[in-house]
Student: 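My questions all concern the structure below.
Note on naming: letters A, B, ... go to the chains in the order of the sequence lines (proteins, then strands), and numbering restarts at 1 for each one.
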Amino acid sequence: MTPTPLPRPFYSRDPRRVARALLGKVLLRDDGPLHLSARIVEVEAYLGKNDLAAHSAAGNTARTAVLFGPPGYAYVYFIYGNHYCLNVSCEPDGKPGGVLFRALEPLTGIDAMARARKINLSSPRDLRSLTSGPGRLAQAFGITRPRDNGLDLTSPSSTLWIGEDSFRPGKIQVTPRIGIRKAADHPLRYILAASPFVSGPKPRKA
DNA sequence: ATATCGATTATCT
DNA sequence: GATAATCGATATG
């Protein structure tokens, strides 16, 4: 079943509400013959105000302009000299805010994702390593700043967009955000508690 | 199993 | 000049 796109008003609100609502939705790459899709299982909210960890805290610059623009657009940044990470802009035009995609569950195009990640899928059989982590999922989807920053994620005619199908998420868990030094104590990370594709060490039985 | 570290560059101070 | 919304490799228990 093909997902239907999420409209712009979906993103035109507080990033915490967008983050929660995005869990269980689907990220799609449609680029010529390439068709990838994966379910969103882990996200983080970055607030426009009172959030020192957000890139928008440095003001509206060439780098962060998308975060200050209208909602529903891709903000892609480059970090640690190695990795791209994907966000979607939130809040109405003029107000910053965004949601970072931290982990996905691969649905279709798994072989192409493995190729993009340079992972041999046969022996470790570890689907988690494809899209579990913000840098990993960006690599699996071929997301870069030059290609994808500023794309409209509400339009299926974009090569990258977000849709919903009939999936209904189970229990949602909220934790502190990962990998930040500033404002590390706020509970702004949202995960599907039942998903084995959440980033971090492999879940272990109690 | 956890801990530490190098990679490599855009951005900000 | 220092730091960063990370990852993968290596070292150590």
Student: Would you indicate, yes or no, if dA4(C) has its OP1 or OP2 atom less than 4.0 angstrom from a side-chain nitrogen or oxygen of R181(A)?
Tutor: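 It does, given that an N or O in the side chain of R181(A) lies less than 4.0 Å from OP1 or OP2 of dA4(C).
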Student: Between H55(A) and Y80(A), name the one whose nearest nucleotide on DNA chain B is closer to the 5' end.
Tutor: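 That would be Y80(A).
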Student: Which nucleotide, if any, forms a Watson-Crick or G-U wobble pair with dG6(B), using both distances under 3.5 Å?
Tutor: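 Checking every strand shown, dG6(B) finds its partner in dC7(C), with both distances under 3.5 Å.
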Student: Answer with base, sugar-phosphate or nothing: what part of the nucleic acid does L100(A) contact at a heavy-atom distance below 4.0 Å?
Tutor: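 Base contact.
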Student: Can you tell me if T61(A) touches the phosphate of dC12(B), counting only side-chain N or O atoms and a distance under 4.0 Å to OP1 or OP2?
Tutor: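 Affirmative; the distance criterion is met.
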Student: Is it true that the NZ or CZ of R39(A) lies under 6.0 Å from the centre of F167(A)'s six-membered ring and within 45 degrees of the ring axis?
Tutor: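 Output yes; distance and angle both within limits.
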Student: Between dT6(C), dT9(B), dT11(B), which one does the side chain of F78(A) approach most closely?
Tutor: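 Side chain of F78(A) sits closest to dT9(B).
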Student: So, R8(A) and D93(A), do they make that salt bridge, N to O below 4.0 Å?
Tutor: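 No salt bridge links R8(A) with D93(A).
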Student: To the closest 0.5 Å, what do you measure between CG (L27(A)) and CG (L36(A))?
Tutor: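 Rounded to the nearest 0.5 Å, the CG-CG separation comes out at 8.5 Å.
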Student: Is it the case that more than 12 heavy atoms not belonging to K25(A) sit under 6.0 Å from its NZ atom?
Tutor: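 Yes, because the 6.0 Å sphere around NZ of K25(A) holds more than 12 heavy atoms from other groups.
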Student: One character per nucleotide, please: for nucleotides 7-13 of chain C, 5' to 3', B when the base has a protein heavy atom closer than 4.0 Å, S when only the sugar-phosphate does, - otherwise.
Tutor: SS-----
Student: Is the shortest side-chain N to carboxylate O distance from R29(A) to D31(A) below 4.0 Å?
Tutor: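 So R29(A) does not pair with D31(A) through a salt bridge.
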Student: Going by atom types only, do S56(A) and T64(A) share a side-chain donor-acceptor pair under 3.5 Å?
Tutor: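 The criterion, which ignores hydrogens and geometry beyond distance, is not satisfied for T64(A) and S56(A).
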Student: Examine the base of dA5(C) for any acceptor or donor lying under 3.5 Å from a partner atom in the side chain of Y77(A), and report the outcome as yes or no.
Tutor: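 When only heavy-atom distances are counted, Y77(A) does reach the base of dA5(C) through a donor-acceptor pair under 3.5 Å.
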